[in-house]
Amino acid sequence: MAGDEDLRTQLRALTIVSGFESTFLYPVPVEMVHACSYFCDALSSLWSVDPIDDIVLKSEGVPLSPVLQAEIDWLVGHGLLVPSNVAYAKTDRQTRLRADLALNNSLTDRVLEVLDEDEKLSREMGFVREVAAALAAMGPGAEGRAVSSDANFQDPLAGMQSVLDLMPDEGRSSATQSALRNFNSLARSAMGSDLSESELTALYTRHLQNLVASQDTW
Amino acid sequence: MQFPILRRLAVHGFELYPGTPEKPDLDATFLPGVTLIVGANGLGKSTLILVLYRLLTGPSEVAGDSGGAILGSGQLTLRPFRNQEPRMFARRVADQAVDAVAEVEFSLGSRRVHVSRKLSTLQLTSLSVDGDELEVSEAVFQSLIAEEAGVGNFVDWLLVLRYVTFFFEDRRSLVWDPTAQRRILKLLFTPPTEEDRIGQLEKRILSADSRARNTRATLAAEERKLEQQERDLAKLPVQQGELEELLATRENAEHEVVALRERAASLDAVRADVRLTLLRAREHRASLASEVESIRFQQIRDAFPSTSETAAYLLSQILTEDKCSACGTEVPEFRGALEEWLSAGDCVVCGSHIPGPGTGSAASRAGLPELHERLDVAERAEKEATKDRDRTEAELKHCWGRLSEVEETVRAAEARIRRLELEMPQGSRSQARREAIRDLRRQNEAEIESVLQDKNELDGLVHAANLQIAEYQERIRAAFDAYAEDFLLDTCSLVWGSHVEQVGLLGKGISFSVFQIDMSGATTDAEVTRRSSDGVSESQREFIDLAFRMALTQVAGTDGIGSLIMDAPESSLDAVFAPRAASVLTGFASPGSESRVIITSNLVDGRLIPTIAEKAQIEGPDDPRVVNLFEIATPTRALDQLHDLYMEALRRAFAPEERPNGR
Amino acid sequence: MTGAEGSWDKSALSETLRDSYGAGSDVDMPDEIRFLHGVAKLGRRFFQECEEDERGLSMFILHAERPGELSRPTEYVPMLRNGRQSLSKRIWLTTHRVNESFAVDIGADESDGDVWIFVKDDLGFGDLPTVVIDSRDGRVMYHYYPEGLNKPELEEGKDLTRATIDRVSLFEAINSIYMDDLKTPDAQGEVNNVWANTARGFPSDKAEKFVQRVLKIGLTRAFPDFVIRPEQPQSEGRTDLEIEQQFDHDPTSVTRHFILEIKVLRGTSGTGTTIYHASAIEEAIRKGLGQAVVYRDTKPARDAVVCCFDMRKTFSGMAVYDFIRDAAMEKGVALWVWHLFNSSEEMRKRVMAGAAIGGEQAC
């Protein structure tokens, strides 16, 4: 079982980096990869996939997933990801790795092709790529603002240093799930249509972009 | 709201406080800042605090308040004192306090209230506001207080006094008790009408919930009787016994559902703790690992600038975690070799000797050994936290799984019972009972439906209240941090999160927003979040609660002021924490603030009182900010016999550099 | 954990929904179609609302990578869609999502020829999919070069301000999609076609999905500023399409022009073991008509079409649709039919027998 989980996480990391490949933010900063993975986790219930991290600590900056990082290291170790501009940044709270990641296409192209042939994985990859593209379009260094603008991070009922539960049980909803539900009910009342998973994903990331853009104005 | 600013307390004709011939009785003015009530055991310090409290409450109590979890029981009501309760002070003295009268003067905002009561019965003897006498009645007093304090009703006033203003020796906890806290937060930060709606709804749910369960029990009894009746008529050759068995099954399953729900709620709270602990542990471990890695990476880059970034990245990971990211193997020997090569300036890829100076002792660079040790500890802590989380999640999952199984059992039994009843021959004798059962069933279904509807409504109201309170959470956190940092060695902060409470037994829990305590040990790297008070020293526990009360007073109080009355704070403080506690207490009533802090002390060993006296610039027992019970109170036998020693202790308490008892 | 209302303000969500209507509906489309769709929507909105002096020529080139050093200065524009940038008089290098972009200015004195030469020769981007939007004469014309400016003969385009859709233009568009991409396995391409066994003419289970996808791509290409979306995205197995348009003067109003009820008519199952009788097929068409009416009236939509893709091997002429003509007429629903052939040879044989290549309007 543990092996499957690791593999899933590796695929997530690869898919994210490949998602950035078709954007102008490439090689992609590792913090952006973590931010992207966070958003994928937040949206995972919409896509009916398991999140990599179902809980996240609400704190300043991008939530760093040690689970994802371990698999990024593994992918670097296996030559599938190529790091550049490796550096370490120290803040008063913690030290973090800063590096840009690129695919080693000679190895990854085949892997990604195989993934694309699987209907379920290909669907998930499609979503992940959309999220990656949306983040890339916010511009370099926007990952922190993107995360802090996210519905879960803006939830007034979750204070700093509290646990954000992305997959709450007992019929409760995460803030992302509530936002998606609201989008759908607005669409239904305004246009008489339910929205597809892709449309909801796009609206979620568009809204995030709007929030980040309005911060830029200020 | 307007918290009371206590200004004066006087007690006349009470044998416990005869005073001195020059100044009979007790008459204390509380100036802004700290007032110390000093005395030995038995001189009536706690009684004095209680007098103060009872002057403000009168002979009333929150119904059901016996110090336990009364706050969870829906809408709280007021009950007048019963039987011997009003005689709590009369019993303390030989003359039954027949002539004793106590008076208190306090402000609520710009209004100044004066109250006096007979100590023998707590009966009101006078009541005035800004010098205007009012009708002397508890009803007038209670409505005056509720209005001027800006609380919904007098019960709220009692709760504020009990949970925010007065810190009695029983140390009723607030921040550690989510049920008490959610009540207090709501009454402090939401409009009184909201509080009422929530309270009323809770009360309705609780009674409807128990009514529904009673109906259920009656229904089961009727069903049993029906079976008995049919069996007596010998019309049940086949089903005989089955119904009885089903009824028992259903009953047991229903009990189990209740138990499982309670278990799930408590596991949910545990899970909140272990999740936070795990996330903090992970973050900490990852940060330390990155710190080590960054040093390692730099070493390799310095020694071999030509190494590819991938190689340097991988090698620095081996040097950090003994593990090869390329193949996943643990390689402590290789790591050792790598260390040596690096320090000798040898090639980090093949180990060949390269002429030239080495980098020196690589391992000692920038405190690496210490960092490695910390990383080891952090890794262990993370593993431990992961185990805890996995275990709790598994238990919770099992609990949910079992719950749905048992609920299914209830449904299946219910369906079978109904079918059996239909299959029974429709004997004329049992017709009435069948109808009764049908009615009861319908009634029960309606009752359950109504509880569930009410719970939905409650959920919405509580959510709205949570949002209203959330607007203050940052300020409360900041105020708490300011108090806590003076006191605690550890970093200690409030975490704004949620607490699920099962209101009634039917339906799902309601999520109330409350603060929890997050304590991260700075002395060790094992970051521990402690949401329950377990594992926190008594002194920490109390002062965290105290800091929380102060923060609430500061944020909820108009102009940020209030009074804080603490009985014997030093009793739980050790030598290290006492001076820190002094800072917190004097900090609350800082110069220029109208706030009052009233502290009793029996001069036990410790630096609390001397430090407070020093910080508040109280120079001796004669200072107007000291209520000296050694003079005012009836001496105890111990005081008579050891008078000089007590006086010496009293002197030392106000001597900045000396310790009491000469030690 | 939050309550039902969520932490994002609902009115702001409503604004996003209005401004980004149709977003995400094209993610399953090929990159160049998404690119065309994105540019057409963005271009129409911008040029219809812009000031007179902002009108001009702008060129969008699908360029998925960050461009290297160019001979002219470039400006990085991360979020082009946020509407803060003037699109006019610039060459935009953008991804298929038409958001993250680089801009190169077009000089005031540069002729169209200069711009074309600059793109083809200086930049070397003559073979990249390109959309030119020209609003100089008051209209908003788009010109799509699917294989770049080097192949001007492939240009497609129209006036976005007048773009509308009616039965005639829709029929033409579907017919052209059919001719190019559906009529035979050769047209459909090797993979994922509608046949489980091409040689024996057994239809695939996924035929509806395939047809829907081909139609969605083709219609998006034909009507790039419209939104083509599955009708019931939440329910499995539905293969219908809606054609919608959001008006710039009132972004809250969406006009649903058409409901397309796609019916694939099979003579046999995928293995050929089950033969479907005419009555079952008639029932399926009747059901399709019923659904089209319900959705048209409840959604509501301006018009509805039942598009039948007839995969039956035996050809009995259009008379087989006689049973439904009157009902469809009465309900005001169009019923169009296209035959899907399992080989070019089969197509020829059936044409000889009187079948049409291209659609027929049963009513």
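In the text below, chain A, chain B and the rest are named by the order of the sequence lines, each starting its count at 1.
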[X] side, atom [atom1]; [Y] side, atom [atom2] - distance, nearest 0.5 Å:
{"X": "B:Glu283", "Y": "A:Leu64", "atom1": "CD", "atom2": "CG", "value": "8.5 Å"}
{"X": "B:Arg275", "Y": "A:Leu57", "atom1": "CZ", "atom2": "CG", "value": "12.5 Å"}
{"X": "A:Asp155", "Y": "B:Leu467", "atom1": "CG", "atom2": "CG", "value": "8.0 Å"}
{"X": "B:Ser290", "Y": "A:Arg98", "atom1": "OG", "atom2": "CZ", "value": "10.5 Å"}
{"X": "B:Glu293", "Y": "A:Asp73", "atom1": "CD", "atom2": "CG", "value": "6.5 Å"}
{"X": "A:Gln161", "Y": "B:Gln516", "atom1": "CD", "atom2": "CD", "value": "13.0 Å"}

Legend entry - Heavy-atom closest pair, residues A:Pro156 and B:Trp496: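 Heavy-atom minimum between the residues: O-NE1, 2.9 Å.
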
Inset, instruction - Could you tell me which non-hydrogen atom of A:Ser84 sits nearest to which non-hydrogen atom of B:Glu309, and how far apart they are? - result: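 Minimum heavy-atom contact is CA-OE1, 2.9 Å.
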
Identify which part of [X] has an atom lying under 4.5 Å from any heavy atom of chain B, answering side chain, backbone, both or neither.
{"X": "A:Val67", "answer": "side chain"}
{"X": "A:Asn104", "answer": "neither"}
{"X": "A:Leu97", "answer": "both"}

Inset, instruction - For A:Asp169 and B:Arg271, run side-chain contact (heavy atoms from CB on, under 4.5 Å): C-alpha distance rounded to whole Å, both residues' side-chain angles, the deciding distance at 0.1 Å, then the answer. - result: CA-CA 12 Å; A:Asp169 42 28; B:Arg271 181 173 68 173; 3.1 Å; yes

Legend entry - chain B contacts, top residue of A:Ala99, A:Pro63, A:Ala70, A:Pro66 (heavy-atom pairs, under 4.5 Å):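 Highest number of pairs under 4.5 Å: A:Pro66.
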
Inset, instruction - Find the one option among A:Gly79, A:Gly77, A:Ala89 whose heavy-atom pairs under 4.5 Å with chain B are most numerous. - result: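 Heavy-atom pairs under 4.5 Å are most numerous for A:Gly77.
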
Legend entry - chain A interface, residue from B:Thr310, B:Val500, B:Ile469 that has the most non-hydrogen pairs under 4.5 Å: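 Highest number of heavy-atom pairs under 4.5 Å: B:Thr310.
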
Inset, instruction - Select, from B:Asn466, B:Leu278, B:Leu279, the one with the greatest count of heavy-atom pairs under 4.5 Å involving chain A. - result: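 Of B:Asn466, B:Leu278, B:Leu279, B:Leu279 has the most heavy-atom pairs under 4.5 Å with chain A.
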
Legend entry - Test log, rule side-chain contact (heavy atoms from CB on, under 4.5 Å), inputs A:Val76 and B:Gln317: CA-CA 11 Å; A:Val76 171; B:Gln317 279 174 0; over 6 Å; no

Inset, instruction - Might you confirm whether atom NZ of B:Lys323 has over 12 heavy atoms from other residues, nucleotides or ligands at distances under 6.0 Å? - result: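 At most 12 heavy atoms, drawn from other residues, nucleotides or ligands, come within 6.0 Å of this atom.
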
Inset, instruction - Using a strict 4.0 Å threshold on nitrogen-to-oxygen distance, state whether A:Asp53 and B:Arg282 make a salt bridge. - result: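 Salt bridge present between A:Asp53 and B:Arg282.
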
